[in-house]
Amino acid sequence: MRILSTLIAGLIFGTGLILSGMANPIKVQNFLDFFGSWDPSLALVMGGAILVTMPGFWLVQKRKTPFFNNVFNLPTRTDFDFRLLAGATIFGVGWGLGGFCPGPAVTSLSLAAKGTLVFVPAMLIGMTAAKLASLRSRRSI
C-alpha cells in the first residue's frame with residue numbers, strides 16, 4: 001500500500017507540474033525575468049501549492065504516527081548555516097539558468113523536453129558529488 005500511495009502521489013504531482021507549466025523551462029525563465037517577458041502565472045501555482053500544503057502539514061501534526069511508517073521524519077533544525085545558504089543559492093541559480101528544478105526536470109523527461117537529457121544527468125552528478133563531499137566532511141570532524 002505504501003508503494004501504491006507513493007506512486008499515486010507522484011503521478012498527481014507530475015501531472016500538476018505539466019498542467020501548470022512548471023515542466024516548461026521557458027515558462028519558468030519568463031517567471032524569473034522581471035524586466036523582460038515576465039510571466040506571473042507561476043506565482044499563482046506556487047500560491048496554490050502553499051494553500052494545499054498548509055492544511056496538510058496541520059493535519060500531519062495532529063496525527064501520532066504516519067499512515068505507512070512508525071515515526072514522522074520532519075525537519076527539526078531551524079538554524080541557518082553556510083551550507084544551507086550556499087545550497088539554496090546554487091539551487092536558485094541553476095533553476096534560473098536551466099529553467100528546471102529536480103521535480104519538473106524528471107517530469108520533463110517523459111515529455112522529451114529539450115535540455116532534460118543534459119540537465120538530469122548533470123543534476124544527478126551534482127547530487128552525488130554533494131553527498132560524497134558531505135560524507136567526507138563528516139568523517140574529518
Side-chain angles (χ1 to χ4, degrees), residues 1-35 37-141:
M1 190 64 177
R2 179 179 177 178
I3 293 173
L4 180 62
S5 66
T6 302
L7 174 66
I8 291 169
L11 290 172
I12 291 170
F13 180 70
T15 301
L17 290 173
I18 291 169
L19 293 176
S20 68
M22 288 196 71
N24 179 355
I26 300 301
K27 188 166 182 83
V28 172
Q29 289 171 332
N30 285 341
F31 171 69
L32 298 171
D33 187 5
F34 296 112
F35 303 108
S37 55
W38 186 55
D39 179 359
S41 64
L42 290 186
L44 298 174
V45 171
M46 289 181 209
I50 290 169
L51 289 176
V52 169
T53 302
M54 284 177 62
F57 273 108
W58 181 78
L59 288 170
V60 162
Q61 292 175 354
K62 298 291 181 191
R63 294 188 51 83
K64 297 215 183 298
T65 61
F67 287 112
F68 303 115
N69 206 344
N70 296 328
V71 295
F72 286 109
N73 295 307
L74 299 173
T76 56
R77 290 185 61 177
T78 58
D79 60 320
F80 290 88
D81 62 359
F82 174 77
R83 287 181 26 202
L84 176 67
L85 295 174
T89 301
I90 292 167
F91 176 88
V93 169
W95 187 47
L97 292 174
F100 288 117
C101 65
V106 172
T107 301
S108 295
L109 280 174
S110 66
L111 302 173
K114 184 179 178 185
T116 56
L117 296 178
V118 174
F119 183 88
V120 171
M123 174 185 73
L124 294 173
I125 290 168
M127 292 167 111
T128 302
K131 183 69 170 177
L132 292 173
S134 176
L135 291 172
R136 181 176 292 169
S137 70
R138 286 184 188 158
R139 283 188 203 138
S140 65
I141 294 177

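All of these numbers come straight from a predicted model, not from anything done at the bench.
- The local environment of CG in Leu132 is crowded, with over 12 non-hydrogen atoms from other residues, nucleotides or ligands closer than 6.0 Å.
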Give the intermediate values and the outcome of side-chain contact (heavy atoms from CB on, under 4.5 Å) for residues Leu117 and Leu109. CA-CA 7 Å; Leu117 296 178; Leu109 280 174; 4.0 Å; yes

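- To the nearest 0.5 Å, atoms OG1 (Thr53) and CE (Met46) are separated by 12.5 Å.
- In this structure, the separation between CG on Leu85 and CZ on Arg83 is 11.5 Å, given to the nearest 0.5 Å.
- When all heavy atoms of Thr116 and Pro121 are compared, the pair lying nearest together is O-CD, 3.7 Å.
- Looking at every heavy atom in both residues, Asn69 comes nearest to Thr65 through O-CB, 4.2 Å.
- Between the Thr128 side chain and the Leu124 main chain, a donor and an acceptor come within less than 3.5 Å of each other.
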Given side-chain contact (heavy atoms from CB on, under 4.5 Å), test Met54 with Ile50 step by step and report yes or no. CA-CA 6 Å; Met54 284 177 62; Ile50 290 169; 3.6 Å; yes

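- Looking at heavy atoms from C-beta onward, Leu84 lies in side-chain contact with Asp81 at the 4.5 angstrom threshold.
- Residue Phe68 qualifies as enclosed at atom CZ: its count of foreign heavy atoms under 6.0 Å is above 12.
- With sequence neighbours excluded, the residues forming a salt bridge (charged side-chain N to carboxylate O under 4.0 Å, His left out) with Asp39 are Lys27, listed by chain and number.
- Minimum interatomic distance between Phe119 and Gly94 (heavy atoms only, all atoms of both residues): CE1-O, 4.5 Å.
- Ring-plane geometry between Trp95 and Phe91 is classed as parallel, the angle between the planes falling under 30 degrees on a 0 to 90 degree scale with a further cut at 60.
- Atom CE of Met127 has 12 or fewer neighbouring heavy atoms from other residues, nucleotides or ligands inside a 6.0 Å radius.
- Here the shortest heavy-atom pairing between Pro25 and Phe100 reads CG-CZ, 3.6 Å.
- Taking OG1 from Thr107 and CG from Leu11, the interatomic distance works out to 9.5 Å, rounded to the nearest 0.5 Å.
- How far CD1 of Ile12 is from CG of Leu17: 12.0 Å, rounded to the nearest 0.5 Å.
- Distance alone, capped at 3.5 Å, places no donor-acceptor pair between the Trp38 side chain and the Asp33 backbone.
- Counting heavy atoms from C-beta outward, Phe72 and Arg63 have side chains that approach closer than 4.5 Å.
- When all heavy atoms of Ser37 and Asn30 are compared, the closest pair comes out as OG-OD1, 2.9 Å.
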